[in-house]
2 protein chains.
Amino acid sequence: MKRFGSYIRDCREALNKESKGYSVRKVAEKIGVEPAFLSKVERDIVPPPSEKKIVALAKVLDEDPDILLAMAGKVSTDLLKIIQKRPVIFADLIRRLKKEPDHAVLKIVREVTDGEW
Amino acid sequence: MKRFGSYIRDCREALNKESKGYSVRKVAEKIGVEPAFLSKVERDIVPPPSEKKIVALAKVLDEDPDILLAMAGKVSTDLLKIIQKRPVIFADLIRRLKKEPDHAVLKIVREVTDGEW
DNA sequence: CATAATGTGTACTATGTAGTACACAGTACT
DNA sequence: AGTACTGTGTACTACATAGTACACATTATG
């Protein structure tokens, strides 16, 4: 699987080609870090930044925060809190869904959405 | 909600009353930490220990690891990995289930278990 | 040609995490 | 009375996390 840094570098460079304003410095400023730090993050010299910075980055690069967080080896804290409030029930569900294919999980999502209770 | 430390202290003391062999020192040795450290953990003077120690503690105290981890503000890494492999689908599902009552979530668990696809 | 912008190397730092090691006072046992 | 076990206070440490600050060389621009 692709590393976090090289992935966001690709995203940033792609955006920079079509519209400018996506230099390391500009993006670094937007998400509130030093350019040198973002540079190192993009080359995977240092580990991915904090959740806050990753979410900000996702917004700037128009990427899915959950995907970026996953690539960074993290899980959004709002999900963690949901699980922690009912640890047994959610742990059970997630472990059971581990081996199920996407379409099976998606079916559940749809059922929940439709409110078929 | 109850703190992690005082909770496990209660568990340990309850076990100690009925069967002995559950002193701070004994339990600390079983889970591989210094007695002084466990003592501080139990009084919530220091934050809860690592996931490994918490899981070991759950085994010794015959408690649910997921519950102890939740009280420690953590989520089992095996769950995190499951989510990280399919971040979008799982994030979506969990957020949708946030507001659903237990029985609704349990119904899903049962459906998955029965393999009603 | 000057200067502005770009990416990056080096050095440093503050805070958090996850404990160890030892000493000590009180209690229980025999 | 002496030993052994109990819980705990104090001091310290190693490593990880999450960055900053500045200098520098290269490239692009007016």
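In what follows, every chain begins at residue 1, and chains take the letters A, B, ... in the order their sequences are listed.
- The side chain of B/Glu34 approaches C/dT20 more closely than any other nucleotide in the set D/dG7, D/dA21, C/dT20.
- Rounded to whole Å, atom P of C/dA5 lies 19 Å from atom OH of A/Tyr22.
- Counting only distance, with no hydrogens or angles, the side chain of B/Lys99 and the backbone of B/Arg96 share a donor-acceptor pair below 3.5 Å.
- If you take CG of B/Asn16 and C1' of D/dC5, they are 12 Å apart, rounded to a whole angstrom.
- Of the two residues contacting DNA chain C, namely B/Pro49 and A/Ile45, the nearest-nucleotide position lying further toward the 5' end is that of A/Ile45.
- Atom NZ in A/Lys17 sits about 13 Å away from atom P in D/dA28, given to the nearest Å.
- Here A/Ser50 does not reach the OP1 or OP2 of D/dT17: none of its side-chain N or O atoms lies under 4.0 Å away.
- In this structure, B/Glu29 places its CD atom 15 Å from C1' of C/dT20, rounding to the nearest Å.
- In this structure, A/Glu13 atom CD and C/dT8 atom C1' are separated by 14 Å, rounded to whole Å.
- Residue B/Arg25 places its side chain closer to C/dA23 than to any other of C/dA23, C/dT8, D/dT20.
- At C/dG7, one or more side-chain N or O atoms of A/Arg12 fall inside 4.0 Å of OP1 or OP2 (strictly under the cut-off).
- One N or O on the side chain of A/Gln84 and one on the backbone of B/Gly73 form a donor-acceptor pair closer than 3.5 Å.
- Not a single donor-acceptor pair under 3.5 Å links the side chain of B/Arg9 to the backbone N or O of B/Arg43.
- Taking only side-chain nitrogens and oxygens, B/Arg43 comes nearer than 4.0 Å to OP1 or OP2 of D/dG9.
- Applying the 4.0 Å criterion to OP1 and OP2 of C/dT6, one finds that A/Ser23 has a side-chain N or O inside that range.
- If you check every strand for non-hydrogen atoms under 4.0 Å, B/Gly32 touches sugar and phosphate atoms only.
- A 6.0 Å sphere centred on CZ of B/Arg3 holds no more than 12 heavy atoms belonging to other residues, nucleotides or ligands.
- One finds no side-chain N or O of B/Lys20 lying less than 4.0 angstrom from the OP1 or OP2 phosphate oxygen of C/dC29.
- A sub-4.0 Å separation between OP1 or OP2 of D/dG7 and a side-chain N or O of B/Ser39 is absent.
- Between A/Lys52 atom NZ and C/dT15 atom P the separation is 17 Å, expressed in whole Å.
- Residue A/Pro35 is in base contact, counting any heavy-atom pair closer than 4.0 Å across all strands shown.
- Distances shorter than 4.0 Å separate none of the side-chain N or O atoms of A/Lys26 from OP1 or OP2 on C/dG7.
- A donor N or O paired with an acceptor N or O is found under 3.5 Å between the base of D/dT10 and the side-chain atoms of B/Lys40.
- When the nucleotides D/dG19, C/dA18, C/dT20 are ranked by their closest atom to the side chain of B/Val33, C/dT20 comes out on top.
- Here the C1' atom of nucleotide C/dG19 and the CD atom of B/Glu51 are 17 Å apart, to the nearest Å.
- Residues A/Asp92 and B/Asp66 form no side-chain contact, since every pair of their non-hydrogen atoms from C-beta on lies 4.5 Å or further apart.
- Ionic pairing of B/Arg95 and A/Asp78 is present here: one or more N-O contacts between side-chain nitrogen and carboxylate oxygen are shorter than 4.0 angstrom.
- Note: CZ (B/Phe37) to C1' (C/dG19) measures 5 Å, nearest angstrom.
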